[in-house]
There are 2 protein chains.
Amino acid sequence: MNTRDRLKQIGLSLFARHGYEGTTLAQIATAAGIKKPSIYNHFDSKAALFLELSRDADDDMIALIDASLARMAQAPFEQRLRHLLQQCATFAYREHQGVFYKRFLLFPPQELVTEAEAIIDQGESRIDRRLIAFIQSGRRAGALRATLTDDHFIAAFYCIVDGLLSETFMYERQELERRFEGVWSVFWRGVTAD
Amino acid sequence: MNTRDRLKQIGLSLFARHGYEGTTLAQIATAAGIKKPSIYNHFDSKAALFLELSRDADDDMIALIDASLARMAQAPFEQRLRHLLQQCATFAYREHQGVFYKRFLLFPPQELVTEAEAIIDQGESRIDRRLIAFIQSGRRAGALRATLTDDHFIAAFYCIVDGLLSETFMYERQELERRFEGVWSVFWRGVTAD
DNA sequence: AATAGACTAACGACCGTTAGTTAGTCATTT
DNA sequence: AAATGACTAACTAACGGTCGTTAGTCTATT
């Protein structure tokens with residue numbers, strides 16, 4: 001792997017663990033086996049490295065959603081929804097990208113708040129569009145109970161994804177998969193038509 | 001308010017917004033209207049201030065749970081559960097304490113990870129004890145569906161609290177209250193006996 | 001009532017360290 | 001010959017923290 005990609009990979013894991021302010025260029029350089037100033041041969045600044053990683057993470061999250069929806073396009077709504085939820089939840093297990101993404105969403109560096117919010121807003125609207133279309137398909141298939149509004153569904157969905165992403169910090173993968181079953185059983189029973 | 005309490009209040013809001021590494025003692029001092037060395041008349045170190053705030057936040061979260069359970073002691077299980085969930089979710093709106101608490105739970109400063117984990121573990125076990133007793137009461141009252149295990153209930157409960165706490169970063173209070181209704185309607189339908 | 005000592009909480013000056021960044025150099029590759 | 005990517009050296013700014021001093025306040029003694 002070339003130096004640039006190595007710097008990105010190392011930056012991702014360090015930013016994920018220690019945050020933007022808690023990570024120094026010296027740490028990144030040492031882990032990459034080069035000296036600190038050499039980083040500037042590949043990135044204009046610490047902020048530029050961080051923002052590139054942020055855009056990557058956002059793009060990858062969208063790609064994950066698209067992949068899930070496409071792969072399960074022919075499956076019943078229940079399976080599509082379950083697969084989508086599970087994929088989103090396990091995004092956090094992509095080595096350090098999930099933690100990075102979560103941290104970036106919740107606590108973007110105050111110093112880069114303008115650029116960060118632009119990335120976040122764009123990502124959120126891209127996800128919203130896909131989610132709304134997906135709900136419509138479930139509704140047309142009669143899979144959702146009629147008294148459940150779009151708003152309620154979206155609220156519950158986001159809430160569960162956020163909650164599962166949070167729990168990846170607290171539990172091992174196996175434990176999280178057990179917990180996912182609990183959450184899914186409650187969620188599906190809550191939204192399905194009788 | 002005396003200087004010590006003022007420093008705590010200001011530290012809380014700055015740590016919440018910028019994190020531990022992103023907040024400097026100079027910022028805290030300036031906001032409190034004193035100079036940096038004067039902070040050391042009240043706290044041994046930056047870490048000591050932060051850890052005191054962490055313990056306070058943890059204690060306050062437990063107190064909130066106890067208050068909710070006590071206040072609704074005579075109410076039906078559904079109302080008790082709803083009240084508890086709502087209280088936990090709106091904890092984040094306690095001026096900066098909710099954000100501080102969430103940040104502390106998810107991304108404690110790596111430099112203080114040992115002390116932080118001790119506080120977190122203690123808090124989690126205190127909450128678990130209360131939650132398990134609460135579930136038992138709901139089960140005895142026949143409010144929960146029999147096929148729902150304790151594990152599943154706890155997983156879903158934590159997931160929703162974490163999700164709602166996360167969403168407090170993204171939405172205004174009014175919007176969050178709308179979303180809470182959606183989450184609650186799905187959750188309750190998912191756990192209740194028929 | 002006046003004073004002496006102890007304590008508190010503020011301060012300016014400063015310390016050692018480290019942060020991100022720049023400039024300039026040099027060997028290797030294209 | 002040009003570009004790349006590593007290096008050393010060094011910069012400024014800021015960090016957390018220390019020290020000695022001082023102004024004010026409470027208490028106890030005279």
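Throughout, protein chains are lettered first and strands after them, A, B, ... in sequence-line order, and every chain is numbered starting at 1. Just so it is clear, the values below take in all heavy atoms, side chains as well, and ignore hydrogens, waters and symmetry mates.
A:Tyr158 and A:Asp128 form a side-chain donor-acceptor contact under 3.5 Å, judged by distance and modelled atom types alone.
Here C:dC11 is the nucleotide among C:dA9, C:dA23, C:dC11 with the atom lying nearest to any side-chain atom of B:Lys35. Of the candidate nucleotides C:dT21, D:dT18, D:dA6, D:dT18 has the atom nearest to the side chain of B:Pro37. For A:Ile34, the listed nucleotide lying nearest its side chain is D:dC7; candidates were D:dC7, C:dA13, D:dG16.
When rounded to the nearest whole Å, the span between CD of B:Glu21 and P of D:dC15 equals 14 Å. We find that CD1 of B:Ile39 is positioned 19 Å from P of C:dT8, with the value rounded to whole Å. Atom pair B:Glu111:CD and D:dC15:P shows a separation of 15 Å (rounding to whole Å applied). Distance A:Leu112 CG to C:dG20 P: 12 Å, rounded to the nearest Å. As a whole-Å value, the separation of A:Phe43 CZ from C:dG20 P is 15 Å.
Nucleic acid contact for A:Thr24: sugar-phosphate only, since backbone atoms but no base atoms lie under 4.0 Å from a heavy atom of the residue.
Between B:Glu52 and B:Arg4, at least one side-chain N (NZ, or NE/NH1/NH2) sits under 4.0 Å from a carboxylate O, which counts as a salt bridge.
Checked against the 6.0 Å centroid criterion, the rings of A:Phe100 and A:Tyr20 do not qualify as a close aromatic pair.
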